[in-house]
Amino acid sequence: MEVTTHIAIVSVPVYSHLRSILEFSKRLVHLHRDIHVTCINPTFGSPCNNTKALFHSLPSNISYTFLPPINMEDLPHDTHPAILVQVTISRSLPLIHDALKTLHSSSNLVAIISDGLVTQVLPFGKELNILSYTYFPSTAMLLSLCLYSSMLDKTITGEYRDLSEPIEIPGCIPIRGTDLPDPLQDRSGVAYKQFLEGNERFYLADGILVNNFFEMEEETIRALQQEEGRGIPSVYAIGPLVQKESCNDQGSDTECLRWLDKQQHNSVLYVSFGSGGTLSQDQINELAWGLELSGQRFLWVLRPPNKFGIIADIGAKNEDPSEFLPNGFLKRTQGRGLVVPYWASQVQILAHGAIGGFLCHCGWNSTLESVVYGIPLIAWPLFAEQKMNAVLLTDGLKVALRAKVNEKGIVEREEIGRVIKNLLVGQEGEGIRQRMKKLKGAAADALKDDGSSSTMTLTQLALKWKNLSLGVA
Ligand code: UDP
């Protein structure tokens with residue numbers, strides 16, 4: 001009789017994290033049809049349409065449950081989206097605990113895999129006497145920083161951002177303090193304390209699954225794996241997992257693709273800042289002028305400015321982009337550029353032959369999507385760990401140009417025009433295109449079904465889980 005092995009996934013209410021962990025789940029059940037995944041999702045408010053669409057396309061061996069939305073009425077109306085996520089996670093823990101206990105008593109549950117933002121779940125595995133893993137939807141470099149953060153905290157005094165020398169982490173590219181993730185920019189802040197606490201819990205994991213592939217971060221992954229057994233949990237590179245098919249079907253998508261069909265090969269710059277990222281009004285003006293100055297073709301996914309630089313619910317809004325663009329911009333760039341409000345089917349766009357570059361905020365999904373389709377990048381990091389990703393892409397892999405920010409935190413129009421031209425038609429861009437092409441090949445190899453690096457790693461894990469459910473491990 002065939003035994004179904006059951007795995008529980010615990011996600012967080014962040015679109016990009018959810019998209020990544022669901023992609024992982026799909027990959028797992030695609031390669032191993034005798035595994036069943038149940039995804040437990042904490043929520044605040046009702047999930048937006050983009051989030052719902054992620055669940056519609058799941059195969060039958062992935063079940064999911066949305067936990068009751070967390071009441072946030074005691075929080076100020078304008079609470080930062082990152083805090084809302086943290087509060088949702090902490091208030092959902094009893095519900096997650098109950099859902100896991102129920103699943104454990106009713107199925108052959110052998111492992112819990114929880115997102116890297118919800119490390120509080122790791123002890124639940126110990127309590128149920130099953131394995132407990134972290135799914136890390138970012139780089140091995142960020143993971144190294146997390147695992148070494150307590151050591152850095154003990155050995156470095158003062159603010160990291162004031163250090164004159166870059167910080168050295170085993171196996172990683174040296175990184176300036178100003179390029180470290182947001183919580184490390186203020187060591188007296190609550191976010192820094194929470195960052196350290198969350199990182200300590202990583203050590204409870206039976207393993208950490210990183211959404212990257214060996215060839216893209218070879219030295220870092222090797223350095224982490226060398227520390228296995230000396231406290232650092234086993235690290236498994238199982239990527240690049242990106243969603244290939246579009247799960248939204250908006251009218252603007254057809255318009256984008258039709259427009260791209262009319263453009264020359266490799267000629268268009270795609271401009272987008274992730275699932276919620278946006279710019280200040282001043283920066284939107286500079287970007288518009290920079291696009292104009294560059295003389296290049298572009299497809300810009302544009303959102304209104306807001307004070308956080310991030311919009312939590314993309315689906316609900318409908319402003320007219322011309323309200324926050326320089327006067328006459330749309331008219332002057334007509335034919336050469338297309339502005340799409342709020343959202344576009346990014347993977348379909350990146351897969352289109354007309355795209356020659358991606359001006360990207362360096363969110364990890366977007367970065368991997370660019371790699372999978374071999375699109376050279378302009379790194380324009382905004383928040384979270386994106387500056388670190390930009391360092392990997394520019395200093396490390398040399399597949400991106402980084403736009404320079406002035407002392408007021410603005411990228412000026414001349415600089416924008418310069419990097420765009422350099423990437424699309426310059427010498428530097430040509431070298432980047434070649435290196436990105438090589439990386440694209442390595443990414444495809446890592447995911448071949450014939451036992452290539454990431455596939456083999458995931459299969460070894462799956463075999464371990466299946467053996468556990470058969471009682472032979
Ligand atoms: N995305 C999309 N259309 C958009 C903006 C974003 O499909 O208009 C998708 C993009 O393809 C990626 C995800 O949203 O998979 C964004 O994730 P990422 O990690 O790049 O950035 P974050 O949203 O965390 O800032």
Side-chain angles (χ1 to χ4, degrees), residues 11-24 26 47-54 57 80-82 85 115-117 135-139 142 181-182 210-212 239-257 260 270-279 298-304 306 308-315 317 321 338-352 355 358-373 375 377-390 392-393 400:
S11 76
V12 293
V14 177
Y15 176 83
S16 52
H17 283 240
L18 200 49
R19 184 161 163 149
S20 186
I21 208 164
L22 287 178
E23 214 40 51
F24 162 74
K26 287 198 269 184
C48 69
N49 286 343
N50 285 342
T51 299
K52 283 189 203 145
L54 291 176
S57 58
H80 192 286
V85 170
D115 183 278
L117 289 181
Y135 178 79
F136 200 78
S138 186
T139 60
L142 177 64
D182 294 343
V210 182
N211 188 12
N212 205 0
L241 301 175
V242 302
Q243 194 173 335
K244 286 285 184 78
E245 71 284 6
S246 159
C247 53
N248 294 63
D249 206 5
Q250 303 184 353
S252 57
D253 294 339
T254 327
E255 188 196 344
C256 282
L257 296 172
L260 286 174
Y270 171 59
V271 182
S272 180
F273 298 95
S275 60
T278 186
L279 306 173
F298 63 86
L299 196 169
W300 182 5
V301 180
L302 177 63
R303 300 179 185 138
N306 89 349
F308 294 133
I310 186 157
I311 298 177
D313 183 2
I314 293 294
K317 321 281 186 330
L338 184 68
V339 173
V340 183
Y342 285 101
W343 193 265
S345 278
Q346 181 161 304
V347 282
Q348 279 183 286
I349 289 169
L350 292 175
H352 197 288
I355 298 294
F358 180 7
L359 190 158
C360 174
H361 73 316
C362 304
W364 195 239
N365 289 306
S366 296
T367 301
L368 287 181
E369 285 157 10
S370 222
V371 168
V372 164
Y373 293 106
I375 309 294
L377 288 158
I378 292 172
W380 185 307
L382 298 178
F383 47 79
E385 92 292 15
Q386 294 157 10
K387 293 194 181 103
M388 243 181 128
N389 299 346
L392 171 66
L393 295 166

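Counting starts at 1 for both ligands and their atoms, in listed order.
- Both the backbone and the side chain of Asn365 come within contact range of ligand 1, each with a heavy atom under 4.0 Å.
- Between Glu369 and ligand 1, at least one pair of N/O atoms sits closer than 3.5 Å.
- Between the side chains of Tyr135 and Ser20, a donor-acceptor pair is found at a separation under 3.5 Å.
- Asn211 places a side-chain N or O within 3.5 Å of a backbone atom of Leu241 that can act as its donor or acceptor partner.
- Residue contacts with ligand 1 for Gln243 are absent, since no atom lies close enough (heavy atoms, distance under 4.0 Å).
- For the residues Ser370, Gly363, Ala344, the heavy atom positioned nearest atom 4 (C) of ligand 1 is part of Ala344.
- A distance-only check finds a donor-acceptor pair linking the side chain of Arg303 to the backbone of Gly277 [under 3.5 Å].
- Proximity of Arg19 to ligand 1, defined as any heavy-atom pair under 4.0 Å, is confined to the side chain (atoms from C-beta onward).
- Trp364 meets the ring-ring contact (aromatic ring centres under 6.0 Å, His included) test with no other residue; sequence neighbours excluded.
- Each of Tyr342, Tyr270, Phe273 was evaluated against Val301; a single residue qualifies, Tyr270, per the side chain to side chain contact (heavy atoms under 4.5 Å, CB included) test.
- Under the 4.5 Å side-chain criterion, counting only non-hydrogen atoms from C-beta, Asp115 is in contact with Pro137.
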Exercise for the section: Using the side-chain contact (heavy atoms from CB on, under 4.5 Å) rule, take Leu382 and Leu279 through it: C-alpha gap first, then chi angles, then the decisive distance, then the call. Expected result: CA-CA 9 Å; Leu382 298 178; Leu279 306 173; 3.8 Å; yes
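- With a 4.0 Å cut-off on non-hydrogen atoms, Trp364 touches ligand 1 through its backbone and not its side chain.
- Looking at Ser345 next to ligand 1, no N or O pair under 3.5 Å apart turns up.
- For ligand 1, the atoms closer than 4.0 angstrom to any heavy atom of His361 are 20 (O), 21 (O), 22 (P), 25 (O).
- The main-chain N or O of Ser16 is found under 3.5 Å from a side-chain atom of Asn365 such that the two form a donor-acceptor pair.
- Considering backbone and side-chain N/O of Ser275, one or more are found under 3.5 Å from N/O of ligand 1.
- Atoms of ligand 1 lying under 4.0 Å from any heavy atom of Val301, numbered from 1 in the order shown and given with element: 8 (O).
- Looking at Arg303 against ligand 1, only its side chain comes within 4.0 Å, counting heavy atoms.
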